[in-house]
Amino acid sequence: MTRPQPTPDELLGLMPFAKELGIVIDTATRQEVTGRLEWSPERCTAGGVLHGGALVTFADSAAGICAYLNLPPGAMTSTIELKTNFFAAVRGGEVLAVARPLHVGRTVIVVQTDLFAAPSAGDAARRRVGQTTQTQAVIG
């Protein structure tokens, strides 16, 4: 038996902090979760750089949704380990997240989330700004 497929907005509603931060979830399936986070001065450190904590929260939220969608009925999940590499500063525009499961097991789910700066005018390619790999516990 599988759980009913919630909408991206319903999934985001399970995480009030992510919603407060301004995270938007665009698609959400067991195989892939995508979303975006707009740059804003309120989310920055000195020099107008998007705060690493905002990016980690974004990646953790996308991965948490991915893990949730891969849970057996009646189970819950919680992040038990998370590692992020930052590759470039974000000084404007928006960041795109793509979260995919690397391993779905009985006790843990491992998800990789890639973070990209959206292409700017005249730039055809997305620029990778970070990557997070995390382990989610399967509880229950």
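Residues take their numbers from the sequence shown, with the count starting at 1. Computed from a prediction, not measured in an experiment: that's the story for all the values here.
Using a 4.5 Å heavy-atom cutoff, the side chains of Glu32 and Arg100 are in contact. The side-chain heavy atoms of Leu11 and Ile25, taken from C-beta on, include no pair separated by under 4.5 Å.
Under the 4.5 Å side-chain heavy-atom criterion for Ile, Leu, Val, Met, Phe, Trp and Tyr, Leu37 and Val49 are members of distinct hydrophobic clusters. In the hydrophobic clustering of ILVMFWY residues, with side-chain heavy atoms under 4.5 Å counting as a link, Val24 and Tyr68 come out apart. Tracing side-chain contacts under 4.5 Å through hydrophobic residues (I, L, V, M, F, W, Y), one reaches Val95 starting from Leu21; they form part of the same cluster. In the hydrophobic clustering of ILVMFWY residues, with side-chain heavy atoms under 4.5 Å counting as a link, Leu55 and Leu96 come out apart.
Here the CG atom belonging to Leu12 is positioned 11.0 Å from the CD atom belonging to Glu20, to the nearest 0.5 angstrom. If you take OG1 on Thr57 and CZ on Phe17, they are separated by 4.5 Å, rounding to the nearest 0.5 Å.
Across all non-hydrogen atoms, the minimal contact from Cys66 to Pro101 is SG-CD, 3.4 Å. Nearest approach of Phe116 to Arg128, heavy atoms of both residues: CD2-CA, 3.7 Å. Minimum interatomic distance between Cys44 and Trp39 (heavy atoms only, all atoms of both residues): SG-NE1, 3.0 Å. Pairing each heavy atom of Ser61 with each of Ile23, the nearest pair is OG-CD1, 3.8 Å. In terms of heavy atoms, Val138 sits closest to Pro72 at CG1-CD, 4.1 Å. Of all heavy-atom pairs spanning Arg30 and Asn70, the tightest one is O-ND2, 2.9 Å.
In summary, the side chains of Ser40 and Glu38 do not present any donor paired with an acceptor at a separation below 3.5 Å, with no hydrogens or angles considered.
A side chain to side chain donor-acceptor pair (under 3.5 Å) with Thr34 is found for exactly one of Thr29, Asp26, Thr27, namely Thr27. Evaluated for a side-chain contact (heavy atoms from CB on, under 4.5 Å) with Val33, the options Val98, Val111, Leu69, Thr113 yield exactly one hit, Leu69.
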Return all side-chain donor-acceptor pairs below 3.5 angstrom for residues 76-92, not counting sequence neighbours, or 'none' if the list is empty.
{"from": "Thr77", "atom 1": "OG1", "to": "Gln136", "atom 2": "NE2", "distance (Å)": "3.0"}
{"from": "Thr77", "atom 1": "OG1", "to": "Ala137", "atom 2": "O", "distance (Å)": "2.9"}
{"from": "Thr79", "atom 1": "OG1", "to": "Asp60", "atom 2": "OD1", "distance (Å)": "2.8"}
{"from": "Thr79", "atom 1": "OG1", "to": "Gln134", "atom 2": "NE2", "distance (Å)": "3.3"}
{"from": "Thr79", "atom 1": "OG1", "to": "Gln136", "atom 2": "OE1", "distance (Å)": "2.7"}
{"from": "Glu81", "atom 1": "OE1", "to": "Thr135", "atom 2": "OG1", "distance (Å)": "3.4"}
{"from": "Lys83", "atom 1": "NZ", "to": "Asn85", "atom 2": "OD1", "distance (Å)": "2.2"}
{"from": "Thr84", "atom 1": "OG1", "to": "Thr132", "atom 2": "OG1", "distance (Å)": "2.8"}

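No donor-acceptor pair closer than 3.5 Å links the side chain of Asp114 to the backbone N or O of Gln131.
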